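Convention: sequence-line order gives letters A, B, ...; per-chain numbering from 1. This one's a predicted model, so the numbers in the text were calculated from it and none came from an experiment.
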Amino acid sequence: MNALVLQTTARLVVLLLVVFSVLVLLRGHNEPGGGFIGGLLCGLAFATHALSFGVRATRRLMRIDPLRLLGVGLILAAGSGLPAMFRGQAFMTGQWLGSVPGIGKVGSVLVFDVGVYLVVLGAAMLILTGLMGEED
Amino acid sequence: MIALPVLPILIPLLAAAAGLLGWRSVLWQRVVGVAGCVGLFAAAVALIVAVDRHGMLVLQVGAWPAPFGITLAADRFGSIMVGLAAFMGLMVCVFSLAEATRRDVHRGFFPLLLVLLGGVGGAFLTGDLFNLYVWFEVLLIASFVLISLGGGRAQLEGAVKYVALNLVGSMLFLTATGVLYGTAHTLNLADLHLAMHEVRQQNPAMATALAAVFAIAFALKAAVFPLFFWLPASYHVPSAGVCAVFAALLTKVGVYALVRVFTLVFPGEEIVITAVLIAAGITMLTGVLGAVTQYEMKRILAWHSVSQVGYIVAGVGLLCVPDPAVQALGLAATVVFLIHHGTIKSTLFLVAGLIDRREGTTQLRPIGGLALASPGLAVLFLLPALSLAGLPPSSGFWAKLAVLSALAEGGRWWVLAAALAAGLLTIMSMMKIWNEAFWKERPSDSSHTPRRLPAALVTPVVLLVLGTTALGVWPQPLLGYAQRAATQLLDPAAYVEAVGVLPPPPETMEAIDVTAESSRAAPP
Amino acid sequence: MKMFLTNLLLALAWMAMMGSTSWTQFVMGFAVAYLALAWLGAITGNSAKNGYVRKLPAAIGFGLFIFYELVLANLRVAYDVVTPGPNRSPAVIGVPLDAETDVEITLLANLITLTPGTLSLELSEDRRTLYVHAMFADDPAEFRRDIKDGFERRVLELLR
Amino acid sequence: MTLADHPWALASAYVLLGVLGVGMLCAAVRLVKGPSLPDRVVALDLLVVAAAAVVGMLAWVYGQPALVDLAVLLALTVFIGTVALAWYLERARP
Amino acid sequence: MTATLWLIATLALATAGCLLVLLASVGLLRMPDAYMRMQVASKASTLGAALALGGAAMGLGDGPAVVRAVVAIIFLCLTMPVAAHLLGRAAWRTGVPFSDETRAIERPGD
Amino acid sequence: MTLLLSITVGVLFTCGLYLMMRRSLMKLVLGVLLLSHGANLAVFVSAGLTRSPAPLVETGATAPPPGAADPLPQALVLTAIVIGFAVVSFAAVLVRRASAAVGGDDTDHLRTTDT
Amino acid sequence: MLWTVLGLFGLAAVSPWATRRLGDAAGWVLALGPAAVFVYWLVNWPAVAAGELNQTLPWAESLGVELAFRGDGLAGAMSLLVSGIGALIVVYAGGYLRGNPRLGLFFAYLFVFMGAMLGMVVSDHLIALFVFWEMTSVSSYLLIGFNHGKPDNRDAALKALLVTGGGGLALLAGLVLLGSIGVSLGLLLNEALRVSVLVEHAGAIQGHALFPAMLVLVLIGCFTKSAQFPFHFWLPAAMAGPTPVSAYLHSATMVKAGVFLLARLHPALAGGTLWVAVVTTVGAVTMLLGAVMAVGQRDLKGILAYTTISVLGTLVMLLGLGTDTAIKAMVAFLFAHGLYKAALFMVAGNVDHETGTRDVMALGGLRSLMPLTAAAGLVAALSMAGAPPMFGYVSKKVMLEAQVGAPTLAWLLTAAAVVANLCMVGAALLLALRPFWGAYREPPRKPHEAPRSMTFGPLLLAALGLLVGLLPGGFNATLGGAMASSIRGEPLAMKLKLMFGLDAKSLLIVALSFGALGLGYVLYRRLRGGPEFPAGLQGLGRYGPDRGYGRAMAGLMGLAKWQTRVVQSGYLRRYVLLVVGVVALAAGPLAVAAVRGGGAATIAGPLRVHEVVLALLVMAGAVYGVMARSRLAAVIGIGGSGIGLAVIFAVYGAVDLAITQLMVETLVVVILVLVLLRLPGAVRASGRLARGRDLLVAAAGGSVVTLLVLASATVELPAAVSSYYLNTASPAAFGRNVVNVILVDFRALDTLGEIVVVAVAGVGVASLVWRGAGRRARPGIEDPQRSGEAV
Ligand code: NA
Ligand code: NA
C-alpha cells in the first residue's frame, strides 16, 4: 500500500516485531512464548512489511527462500531427536548443553523450538507472499 | 531396535525436508524421493520382521514414561500397515519418476509424497489418541496438496470437496478426542483402555456416545456409507500415481483407526459396531452401483474403492459378535483385505496411468483395442482386475473368502448376501473396462498416436502384478500373519502391558481437580 | 540515532553489571549513561553530539505536550459523545505542509490523528498537502493555523 | 500487596471489567450495523483494543503478569489486522 | 498506607482508561458518519487502553510487566494513529459518505 | 460458565456447519474456520475450566502454584489451533483458485467430478 | 497330480512363445502336454481304482484350505475325458486357427482352462475345487470372447461370465456355509470342506438347520455352470467362441463342471427330498427345453448348444433321482456325450471352416467333398440319436431304465425323456444328414476336406463311440464302474450292454428307444425343408430368462443412475448436510443419554459479566459471520469471534493459547482478506425453506457437540497426566512454562507432526499460486486438464 505514513511506521514496527519474535522464541521455555508464537510474530512482521511495501520488497528483504526455511526448520526439529538415538536413548530424549543467562537450560529442546519457529515463519511467508504475489 | 518404531516416521519426514532444501533441482528431488522411500521400505521390513518375531515394539518418545509422553507402539497390525504404506510408496515413487512432470516436481510432489507416507506411518505406529489426530492431519494436508497439484479444474473441484468433507471429519475427531480427554483424562491408548473401564462404570452412556462419534469420524475417513461422498468426487482427479497412493492408504487409515479404537478403547460397544457392520453392507452395494454408471477408468476404480471399504469394514463390524473366535476371523479378514485392496487397487490406478500415458485419456469410450495393440498392458490390467473382482486364485479371492467366512461364522447373512452381490457387480465393472479398453476395437475416429511407455512407469506395475499374483497363489504367509495380528489385536491386556502404563507416582496422586469449576487463584 | 543506540547499549551494560533485569535498573542505567554521554559525548566522535543531548529534553517536552493535547481533546470529544444533540462542525480541510521528510510527515500525520477531533485522511500526491478530517472546525483558516503552529512547529523543532 | 487483598478494590476491578464488557458490546453492535465496511473495521479495532484492556485488567485481578504479554500482542496484532483490512478496502474498490 | 494509596492511584488510572474505552464505544455507536466514528473510536480507545493497561501493570507491581505495558502503550500510540489514518484514507478513497453536518470537504485538485 | 461455554461451542459448530451448507466457497472456508474454533473450544471446555493462573513455574519453585490450570488441554488446543490455521489457510487459497477455475464463488459449479 | 495341473499352467505360460517357434506343428507338439496327462491317468489307473492316489499340500491353512487331491474313480474318469479330448482339441485348433497370429494366446487360454478343469476334478477340498472352478469361468470367458472384435462375442462372453460367476458366488456362499456346518459338527477347519470327510458325515450335515440354504446355494452354482433352466441362456450365446472352444466347453468340460460337482457332492448331500425334488425337476425341465429348442435352430452350433443343454439336463435329472441305475445311466450318458458332442462340434467347425457358413439350410451334399468329416459326423450323430450299436444307444437304454424305475412320477419322467430323445434324434439327423447328404448347395466358399489335424479328432472320437457301444465291457470294468462307485459313495458295478433282456421292462425300454428313433426321423423329415414349424419355439428363448437378463441389466443401470443422482449429486452442500445429519441422528440420542447418565455435573458456576460478554461476543461474531451480506463483513465478524475466543482462553489461565489464537486469527484474517480480493462475486442465497432445513440440521449437529462437552463433566477421574506435567516440567525438563515444555518435550512428537502440517500448507499454497513454475514443463507430458473432465 502506497501510504507514506504506513511505510515510515512499518520500518520501525517490523524491526521491533522481528526482534521481539526472537525474544519470544528464546524465552518460550520459561515464559509465555516459544517457537510457534515467535514464528507467527515474525510472520506477522513480514506480513506488515509486505502490506506496506509490496511483496517483492519483502522477498528482497528476507533474502532467504521460505521453502528452504521450511526444510531447515523441519530438519532441525526432527533432527533434534537424533542425538539421543545415537546415544542409544529413545528418540527425542532431551540432551542438555548448559545454562545461558536469560534463557535457562539450553539443549536439543531449544533446537526443536527453533525448528518450529523457522517452519512457522517459512509457511507464513509462503502463504502471504504467494497470495500477495498474485496481486503484483 | 529401540529406534525402529520411529524410523518409518522419521525417514520420510527428513527426506521431505531435504527435498525442500534443494527444491529447485528436479534431480535432487527425485534422488531424495527414491532414497526416502527405499529407506522407509527397509525400515518397514525390519519392523515387520522384528515385531512378528519378538512381539510388540514400544518406544517412549523422549524417554518419558507412558502415559505421560507419547508412546510409539508397533504391533503386527500396525507394522504390516506400515509395510503396505512403504511398499506402495516406493512403487509409486518409482512410477512418478516418469509420471510426475517437472511442474509437479517443482510444486513439491516428492516431499509431499514423503510427508504423506510419514504421516501414515505415524498414524499406524502411534499409541496416543491425540498424536493419532496429528498424524491424520499430516497425511490429510499432504493429500490435500497432492490432489490439487495438477491445478486443472477437475483437480481443484475434487480438492474442494475432498478438503471440505474431510475437514468436517477431522473436526469431529478432534472434538471427540477432546471430550474423551475431558472424560478419561488421559490420551495414551493403553491408558485409555484402563480408564474406560472406570468411565463405563460411572456413565456407560458416555462411553457409547463417544464410541459413536469416533465411529462416525473414522467412517468418514474410511468412506463408509453414508459418509463416502468425498471419495467418488475426488479420488480420480489427481495423477495416477497419486490416485494409487491414495487408494493404498487414505481410507485404510480410517479403517485402521476404527480397528484400533474399537479393540482398545471401546471394546464391546455393540450398538455402535453393529451400526458399522450394517453400514459396511450398504457400502459394498452403493460402491458397485456407483461404478456401473461410470465410463472413465479412474472413476470406476474410485467407486469400487467405496465398495471394497465395505468389505474391509465388515470385518471390523464383526466385533459386534460376542464370540472372540468370530471377532478374530473378522479382524483377520480386515487385515487381509486391507493389504489386498491396498496393493491391487493401487496397481489398477497405476495401470490407468499407463493407459493414460499411452492413449492420452482414461475415458473408456474413445479408446479400445489394447488387447491386441499392447498385450503386456492387457496382462497387467487383467490380473489385478480379476483379483479385485475376487476371482481365484488371487489375493482378492482369499480376502473375500476370509470376509465371507467370518460373516458366515458370525451369522450375519444379510451382509454376506450384500458381499456376494457386490462381488458380482465388481466382476461386471472390471469386465466393462476390459471390454471397452482392451477388447473393443479402437474407435475409427481416434486420432491419438499411442505413446511409448517408459520403463520407470512399467517396472513398478510389473513388480506389483507379480507380487500380488504371488500373494494369490501362495496366500498363507499373509493369512497367517493376519491371523496372528488379529489375535494380538484382541488381546488389549497384552498391549497395555507392552506399553507399560505405570500407575502415577504417589506424590502426584493428589491430583488437581480440573473437572470442578473453581477459581482458587482468584478469590471470589 | 547512533548516540541513542549507544546510550541504550550502555544502559544494558549497566543492567548486566548489576546482574538484574528489572526495569528500575534499566532506567537507572539509561539515566547514568545519558549523563555520561552529555558530558563526554565527544568521545564517540559524532558531530551531532549536541543534537541528541539537546533533543532528549525536547522530546520529553514534546511528549508532555502530546499528552496534554490528547487529554484535552478527549474531554472535548467525550463531551460531544455524552451530550445529546450535536455541537460539532465536521469538515475535511487541506493543510499545506512545511514538513518534508518521511519521518516528519509521518509524525505530524500521526499526531494529528492521535489527537481526538482530527484525523489525517490523505496525503496529496506531491506530499505538500495533508487532508484532515476535523470534528470541530468552525473556521478552516484557524484550524490550519492551529495545526501549523502547534503540531507542525513542534515536530519540526524536534526533528530538525 | 495485590488487588485480591482488598475486596473493595477487587470489586471495583470487576466493575471496570464489566464496563469494558459493555463497551465491547457497543462495538459489537456497530460491527453488525455497519453500514460501511470501514465502520465494521473500526468496530473490530475497538473490540480488540478493549480486549487488550480487559486482558490487562485480568492480569491485575488474577495476579498474572503473563497476561500482560497477551495485552501487548493484542496491541501489536490489531495494527496488522487493520492494515490488511484497509489494504483490502482500497484495493477492492470498484 | 502508601500501598493503599498506590492501589487507589492505579485503580483511578484504570478507571479512567476503562471509561475512555466505554466512551469510545458509545461514540462509535452514536456518531453520525464513519469518519467521526473513527475519530472517536481510534483515539479514545487508544488512550483508554493505554491507561487501563498502565494502571493494571503498575497495580500488579511486577517490574517486567510494567516494562511490557509501557512497550504496549508506546506501540499503541505508534500504530493506532497509523491504522486510523489508513482506515480513514480507505473510507475517503472508496467514497464512504460524510454526514450531512459536514460543512466543507476539500479534495485534492479543488 | 461451563454451560455457557458449551452452548458457545454449539453455536460455533452450528454456524460453521450452516456456513458450510451455503453455496459460497468463501463461506465454506469461513465455516471450516468456525468449526475449528468450535472444536478448539470444545476441547478446552471439556477438559475442565479453572479460573486459575497459567501453568508457569515461578523462578525458584519446582511446580506452578497450586490450582494452576491443566496444561495438557492447553497444549492440545494450541496444537489444534496451529493445525487449523494451516488447514484453513490452504483451504482459503484452494477455494480462491477453484472459484477462479469454475468462474464463480459457487459450490454448485463444482459438479463435474461427481456425475 | 499337482504336477499335471501345474504342468498345464506352465504350458499355458510358454505356449505363445512356443507357438511362434513351432509354426504349423504347434498343435501336434503342444497336444503332447494333455496327452501326457492322459497317459499319467492311464498308467496310474490301478492306483485310482484302489483309491490310493492321494496328495495333500498345505495352502491357505489359516482359512483351512489345503491343496488336497484325490484321484478316485470320478476324478480319474473325468481327467481322462478332459485330457484326452483336450489333446484332440489342441490338435484340432492347430489346424482350425492355422496362421492366426493369436493362436499361441488361444493355446494359452486353452491350457489354463484345461489345467483348471483337471485341478477341479481332482480336488478333494471344496475351496481348492472352487478356485479351479472359477478359473474355468475366467478362462472360458477369455475363450468365448476370443474374437472380441464383434460386440456380440463380447456380450456373450460377459453373459457367460456373469451367469457362471454369479452362480460361482452362490456356490462360494454355499461352500462357506457348508464349512461352517462342518465346523459346528466338530470337524477341524481344514477338514470341514474335504469331500472325503464330509461324505462320512452326510447324515449330520443333512440334518443341520443351515442345510437347505446351503444346498440351494450350491445347486445354484451347479445349475448356472451346467446351464440348467433358468440359467441356460448363456450357453447358446457362448457359441460365439471359435469352434474348438465350443467343443471343449460343451462336450468335455466347463458345462460338465456343474454336473461334476453335483456328482462329487452326491454322496454327502443327496438323498433328501429337497435334493431329489429340485435337482430332478430342474434337470427334467432343462432336458425337455433344450431338446425342443434344439430343433428350432438353423445354426449348426446352435443346434449343438441346445442339445448340450438337454443332455446336461438329463445328467442333472439322473443325479437328482440318485438311484443306482440313474447313476449308472448318468456315467454312461456323460461319457457318450463327451465323445459324440466333441466330435460333432469339430465336424461343425470343419464345415464352417471350409464353407464359411453354419446355416444348415444353406448346406447340402458335402459328403463327396468332405468324406472324412461326413463319416465322423454321421457316426457321432448316430451315437447322439441313440441308435444301436453306438455308445449313445447303450447309455440311452440305461437312462430310460432309470426313468422307468424312478421312485415317483416314473411315467412323467419317462415321457419327458422320450420326447427329449425324439427331438435329439431330429437334431442329430439335422446335423449329420442335412449338410452332407442330399443335393449339393453352393456355400459361400468352395469347400474341400479339412486338413488332417481337423479330421483326426472327430474320427477318433466317433470311432471310440462306436467301439464302446460294441464292447461296453471294458468301460464297465474301468472308467464306468469306478466313476459310478465314487458318485454312489460305495462300490457300484456298471453293467452296460448292447443287447437287451427279454423281460417286460427291458422290452418296454427297447420299444421306447426305437419308438423315439422312428418319431425322431419323422421330425427330421419335417425339419429338413427349413424349420418353420418350430419357429414359435424361438419365442421361448427370446421371452425366457435371456430377456430377464437383459431386463436385469437395464434395471441395474437405471438403479445405478438413480442412486448416483440421489447420493452423489455433486452438491457439496448436500454432502455436508447428509454428513451432519448422520452425526445428529446417530450420535444425538446417545449424547442425550450420556448427559443424563453418570454423576451430577458442575456446569453452572458463578458467572462474571466480562466472561459472559466474551462468550456472547464469540457467539455474536459467529452468528454475524453467518448473517452478514458482505463476505468481508463475515470475515470481520468471525475474526472478532476468534479474538474473543483468545481472551476466553486467557481468562481460564491459558496465556500461550490465547496468544497463539490471537496471532493465528490475525494471520487468518489477513489471508482471508487477500483471498477475498480476487474472489468472483457470490451467488444469491438459497430459498427460505432450504435455509431453515440447513439451520435445523446444523443446529442439531451443534447440539450434539454441546451435549458431549457437557457430558464429559459427568465423569470424574483423576488427572494424573496433568499433575505429572506440572510437577515434572521444571525439575526434569528444565522449563518453567509447562505448556511449552509439553509442546517441545513431553509431547514433542505432536508438535513435530504439527509443523509438518504447517510446512505442507505452505508448500501447498505455494504450489497453488505459482503460475510460473510450470513454464518449463516438457511439452507433450504436460497435461494440466488431466483426464476425467468430460461426461
Ligand atoms: Na525430550
Ligand atoms: Na470430566
(request) Taking all heavy atoms of F:Ala69 and all of G:Tyr652, pick out the closest pair and write down the distance. (result) CB-O, 3.9 Å

(request) Tell me, out of F:Leu35, F:Ile83, F:Val9, who's got the most heavy-atom pairs with chain G below 4.5 Å. (result) F:Ile83

(message) Before you tell me yes or no, could you show the steps for F:Arg23 and G:Tyr571 under side-chain contact (heavy atoms from CB on, under 4.5 Å), namely the whole-Å CA-CA distance, both residues' side-chain angles and the distance that decides it to 0.1 Å?
(response) CA-CA 9 Å; F:Arg23 279 172 65 177; G:Tyr571 294 108; over 6 Å; no

(request) Assess whether side-chain contact (heavy atoms from CB on, under 4.5 Å) is satisfied between G:Arg747 and F:Leu76, documenting all intermediate values. (result) CA-CA 9 Å; G:Arg747 296 184 64 91; F:Leu76 301 184; 4.0 Å; yes

(message) What part of F:Thr59 gets within 4.5 angstrom of chain G, counting heavy atoms only: side chain, backbone, both, or neither?
(response) both

(request) Identify the two heavy atoms, one from G:Ser730 and one from F:Ala61, that lie closest to each other, and give their separation to 0.1 Å. (result) OG-O, 3.8 Å

(message) Is the shortest side-chain heavy-atom distance between F:Leu30 and G:Leu672 below 4.5 Å?
(response) yes

(request) Going by the side-chain contact (heavy atoms from CB on, under 4.5 Å) test, name the single residue among G:Val670, G:Ile671, G:Val675 that passes it with F:Ser89. (result) G:Ile671

(request) List the atom of G:Leu679, the atom of F:Ser99, and the distance in Å for their closest heavy-atom pair. (result) CD1-OG, 3.1 Å

(request) Would you mind telling me which of F:Leu78, F:Val88, F:Ile81 makes a side-chain contact (heavy atoms from CB on, under 4.5 Å) with G:Val664? (result) F:Ile81

(message) Which atoms of F:Tyr18 are under 4.5 Å from chain G, going by heavy atoms: the side chain, the backbone, both sets, or neither?
(response) both

(message) With a 4.5 angstrom heavy-atom cut-off, is it the side chain or the backbone of G:Ala729 that approaches chain F, or both, or neither?
(response) neither

(message) Closer than 3.5 angstrom, by distance alone: can the side chain of F:Arg96 be matched with the main-chain N or O of G:Val769 as a donor-acceptor pair?
(response) no

(message) With a 4.5 Å cut-off on side-chain heavy atoms, are G:Glu611 and F:Leu4 touching?
(response) no

(request) Please look at F:Val43 and chain G and tell me whether the side chain, the backbone, both or neither of the residue comes under 4.5 angstrom of a heavy atom of that chain. (result) neither

(message) Quick check on G:Arg574 against chain F: is it the side chain, the backbone, both or neither that has a heavy atom closer than 4.5 Å?
(response) neither

(request) Find out whether G:Pro680 and F:Val102 are in side-chain contact, i.e. whether some heavy atom of one side chain is under 4.5 Å from a heavy atom of the other. (result) no

(message) If you compare all heavy atoms of G:Ala628 against all heavy atoms of F:Lys27, which two are closest, and at what distance to 0.1 Å?
(response) O-NZ, 4.4 Å

(request) Answer with side chain, backbone, both or neither: which region of G:Val721 has an atom nearer than 4.5 Å to a non-hydrogen atom of chain F? (result) side chain

(request) Check whether any side-chain heavy atom of G:Val697 sits under 4.5 Å from a side-chain heavy atom of F:Leu17, and report yes or no. (result) no

(request) Would you mind checking which part of G:Ile742 comes under 4.5 Å of any heavy atom in chain F, side chain (CB onward), backbone (N, CA, C, O), both or neither? (result) side chain

(request) Could you have a look at G:Leu657, G:Val623, G:Val576, G:Val738 and say which one has the most heavy-atom pairs with chain F under 4.5 angstrom? (result) G:Leu657

(request) Can you tell which part of G:Phe649 gets under 4.5 Å to a heavy atom of chain F, answering side chain, backbone, both or neither? (result) both

(request) Would you indicate whether the side-chain heavy atoms of F:Phe90 and G:Leu768 approach each other to under 4.5 Å? (result) yes

(message) Between F:Met1 and G:Val651, does the side-chain contact (heavy atoms from CB on, under 4.5 Å) criterion hold? Intermediate values first, please.
(response) CA-CA 12 Å; F:Met1 218 34 209; G:Val651 168; over 6 Å; no

(message) G:Arg691 vs F:Arg22, test: side-chain contact (heavy atoms from CB on, under 4.5 Å). Steps then yes/no.
(response) CA-CA 9 Å; G:Arg691 274 182 291 165; F:Arg22 301 301 92 209; 3.3 Å; yes

(message) Tell me if a side-chain donor or acceptor on F:Gln74 pairs with a main-chain N or O of G:Gly653 at a distance below 3.5 Å.
(response) yes

(request) Measure the shortest side-chain to side-chain distance between G:Leu695 and F:Met21 over non-hydrogen atoms and say whether it is less than 4.5 angstrom. (result) no

(request) Taking all heavy atoms of F:Pro55 and all of G:Val739, pick out the closest pair and write down the distance. (result) CG-CG2, 3.6 Å

(request) Hey, could you give me the OG1/CG distance between F:Thr14 and G:Asp694, rounded to the nearest 0.5 Å? (result) 12.5 Å

(request) Using atom types as modelled and distance alone, determine if a side-chain donor or acceptor of G:Thr706 lies under 3.5 Å from a backbone N or O of F:Ser6. (result) yes

(message) How long is the straight-line distance from CE of G:Met619 back to OG1 of F:Thr8, given to the nearest 0.5 Å?
(response) 3.5 Å

(request) Sort G:Val612 into side chain, backbone, both or neither according to what part of it lies under 4.5 angstrom from a heavy atom of chain F. (result) both

(message) For a quick test of reading the model, state the closest non-hydrogen atom pair linking F:His37 to G:Ile638 and the distance between them.
(response) CE1-O, 4.0 Å

(message) Is F:Leu25 in contact with chain G via its backbone, its side chain, both, or neither, using a 4.5 Å heavy-atom distance?
(response) neither

(request) Could you tell me which portion of G:Leu577 (side chain, backbone, both or neither) has an atom closer than 4.5 angstrom to a non-hydrogen atom of chain F? (result) both

